[in-house]
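Everything on this sheet refers to the single structure shown next.
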Amino acid sequence: MTPSDVLLVETVNGVRTLTLNRPDRLNAANDELLYALTDALKAADADAAVRVVVITGAGRGFCAGQDLGGVSGRDMSFTEHLNATYNPLIRTMRGLGKPVITAVNGVAAGAGASLALAGDLRLWAQGARLIEVFSNIALVPDSGSTWFLPRLVGYSRAFELMALADTVSATEALRLGLCEQVYPDETFLADVQAYAERLAARPANALKLTKRALNAAMTSSLDAALDTEAELQQLAGDHWEHAEGVTAFKEKRAPDFRRDG
Ligand code: LHQ
């Protein structure tokens, strides 16, 4: 993988951190950044040394959505643009066989808010904020916001946030269920790394299958979810991780899920 300037890539103790790196623009996304991020996620999925992926932003912003400096005069329609850039990115995140943490260090606006919500786990800095800013420029929420937000906060609260483009603080985001944890700005990256390393020590195959089951269940009936659980449980039960977990329990020790199968 060749790291590009717009995306920084670092791996520490099984945690691959992908940092959006256009700080002067609050990491507003251009095509180069969106393609680089999608490619980097796919590379992380294929790399056995990576157990958890973190997406964060350089500087004081997480992602201010589409770079509005680059939208005029472009040769793609809105639909073509979304289908070529943001939609593959969101699909790749949710389809990845590894947990994806969005570490929201600062403002997340527009498609940047969608990106923040699309993480399997969302960790926020105290100073972070989210704005469904689309209606400010008379656009429709995209990149998954219309799917994620009502599932988290309900239809009417989602519509209110989208229609008024109000700012959601970290405290409010925690209350609404838009994030799992809020950490102090000063220690944010260290806190994210510690959280990600806890996750990296968990059974990777079981988490991959859990993610698959949950994503399928988000749009399925109970009947279908029960069938999927029964099918995936077989895959989990046949894996060495399960034997290790049971053996460790019997031997009254912590399981080691990081050893090679
Ligand atoms: C930016 C941006 C930005 C460029 C801040 N672009 N420079 C998908 C497909 C196709 C087309 C259209 O859209 C989409 C989906 C979308 O994402 S639509 C939504 C696009 N995003 C926005 O409308 C957000 C625009 N930005 C803002 O409203 C504010 O900047 C926020 C609320 C994010 C942050 O406000 P502040 O903290 O007050 O920062 P700032 O406004 O002073 O911004 C800092 C710099 O970043 C500034 O540049 P400057 O040279 O003056 O320092 C901004 O121009 C630049 N910037 N967002 N999206």
Side-chain angles (χ1 to χ4, degrees), residues 4-8 18-39 41 55-94 100 102-119 122 124-150 152-153 158-173 176 178-179 182 185-186 188:
S4 86
D5 289 348
V6 293
L7 187 75
L8 307 178
L18 307 175
T19 304
L20 315 184
N21 190 36
R22 304 186 73 227
D24 296 349
R25 291 281 160 270
L26 301 177
N27 303 313
N30 57 14
D31 290 358
E32 185 189 3
L33 176 56
L34 294 166
Y35 291 135
L37 182 54
T38 305
D39 287 350
L41 285 163
I55 300 174
T56 193
R60 74 175 178 89
F62 173 69
C63 176
Q66 173 62 33
D67 186 332
L68 296 176
V71 288
S72 62
R74 53 183 311 129
D75 49 10
M76 268 194 256
S77 69
F78 282 88
T79 304
E80 286 169 339
H81 184 208
L82 286 168
N83 284 333
T85 56
Y86 291 97
N87 291 353
L89 168 61
I90 301 300
R91 288 190 176 110
T92 301
M93 287 172 72
R94 296 303 280 212
V100 177
T102 44
V104 184
N105 55 298
V107 66
S114 307
L115 179 65
L117 294 175
R122 292 81 38 93
W124 281 35
Q126 188 63 58
R129 57 202 159 109
L130 179 142
I131 317 171
E132 290 285 345
V133 76
F134 303 89
S135 61
N136 283 353
I137 54 171
L139 286 182
V140 171
D142 61 26
S143 309
S145 265
T146 65
W147 195 85
F148 292 114
L149 200 57
L152 294 164
V153 302
F159 186 67
E160 181 182 53
L161 289 171
M162 291 167 174
L164 298 178
D166 283 339
T167 298
V168 182
S169 68
T171 305
E172 183 69 350
L176 289 172
L178 301 187
C179 63
V182 174
D185 294 328
E186 302 73 31
F188 182 59

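Atoms within a ligand are numbered from 1 in the order they appear, just like the ligands themselves. All figures in this text were calculated on a predicted structure; none of them were measured in a lab. The chain is numbered in sequence order, starting from 1.
Atom OG1 of Thr171 sits about 14.0 Å away from atom CZ of Arg129, to the nearest 0.5 Å. Rounding to the nearest 0.5 Å gives a distance of 12.0 Å between CG of Leu37 and CD of Glu32. Atom CG of Leu18 sits about 10.0 Å away from atom OG1 of Thr56, to the nearest 0.5 Å. Taking CG from Asn27 and CG from Leu33, the interatomic distance works out to 7.5 Å, rounded to the nearest 0.5 Å.
Applying the 6.0 Å contact sphere to CZ of Phe159 captures no more than 12 heavy atoms from other residues, nucleotides or ligands.
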Salt bridge (Lys or Arg N to Asp or Glu O under 4.0 Å) between Arg22 and Asp67, worked out: CA-CA 10 Å; Arg22 304 186 73 227; Asp67 186 332; 2.8 Å; yes
Full working for side chain to side chain contact (heavy atoms under 4.5 Å, CB included) between Met93 and Thr102: CA-CA 10 Å; Met93 287 172 72; Thr102 44; 3.9 Å; yes
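Contacts between Ala64 and ligand 1, counted as non-hydrogen atom pairs separated by less than 4.0 Å, involve both the backbone and the side chain. With a 4.0 Å cut-off on non-hydrogen atoms, Gln66 touches ligand 1 through its backbone as well as its side chain. With a 4.0 Å cut-off on non-hydrogen atoms, Arg129 touches ligand 1 through its side chain and not its backbone.
Protein non-hydrogen atoms do reach within 4.0 Å of atom 57 (N) of ligand 1. By the definition of a contact as any protein heavy atom under 4.0 Å away, atom 13 (O) of ligand 1 is in contact. Of the protein's heavy atoms, at least one falls inside 4.0 Å of atom 37 (O) of ligand 1. For atom 52 (O) of ligand 1, no protein heavy-atom neighbour is present inside the 4.0 Å cut-off. By the definition of a contact as any protein heavy atom under 4.0 Å away, atom 41 (O) of ligand 1 is not in contact. There is a protein heavy atom less than 4.0 angstrom from atom 19 (C) of ligand 1.
Among Arg25, Arg60, Arg22, the residue whose heavy atom lies closest to atom 49 (P) of ligand 1 is Arg25. With distances taken over non-hydrogen atoms, the option nearest atom 23 (O) of ligand 1 out of Leu68, Leu26, Leu115 is Leu68. Of the options Ala109, Gly69, Ala165, Ala111, the smallest heavy-atom separation from atom 33 (C) of ligand 1 is shown by Ala109.
Residues Thr167 and Glu172 have side chains that never bring a donor and an acceptor to within less than 3.5 angstrom of each other. Inspection of the Ser143 and Ser114 side chains reveals no N or O donor paired with an N or O acceptor under 3.5 Å.
For atom 32 (C) of ligand 1, the nearest protein heavy atom (residue, atom name, distance) is Ile131 CD1, 3.6 Å. Counting only heavy atoms of the protein, atom 4 (C) of ligand 1 lies nearest to Asp67 OD1, 3.3 Å. Annotation: atom 28 (O) of ligand 1 to nearest protein heavy atom, Val133 CG2, 4.1 Å. At the top of the distance list for atom 9 (C) of ligand 1, counting protein heavy atoms only, stands His81 ND1, 3.5 Å. Nearest protein heavy-atom neighbour of atom 11 (C) of ligand 1: Phe78 CE2, 3.6 Å. With respect to atom 45 (C) of ligand 1, the closest heavy atom belonging to the protein is Asp24 O, 3.6 Å.
The Leu139 neighbourhood of ligand 1 comprises atoms 12 (C), 13 (O), with distances under 4.0 Å to a heavy atom of that residue. Proximity to Gly65 (heavy-atom distance under 4.0 Å) selects the following atoms of ligand 1: 17 (O). Listed by number with element, the atoms of ligand 1 under 4.0 Å from a non-hydrogen atom of Ala28 are 3 (C), 6 (N), 58 (N).
Phe78 and Leu139 get closest at one heavy-atom pair: CE2-CD2, 4.1 Å.
For the pair Tyr35 and Pro88, the minimum side-chain heavy-atom distance is 4.5 Å or more. Residues Asn105 and Asp185 have side chains not in contact (no heavy-atom distance under 4.5 Å, counting atoms from C-beta outward). Between Asn21 and Val6, every side-chain heavy-atom pair lies at or beyond the 4.5 Å cut-off.
Within the structure, the closest approach of Asp142 to ligand 1 falls below 4.0 Å when heavy atoms are considered.
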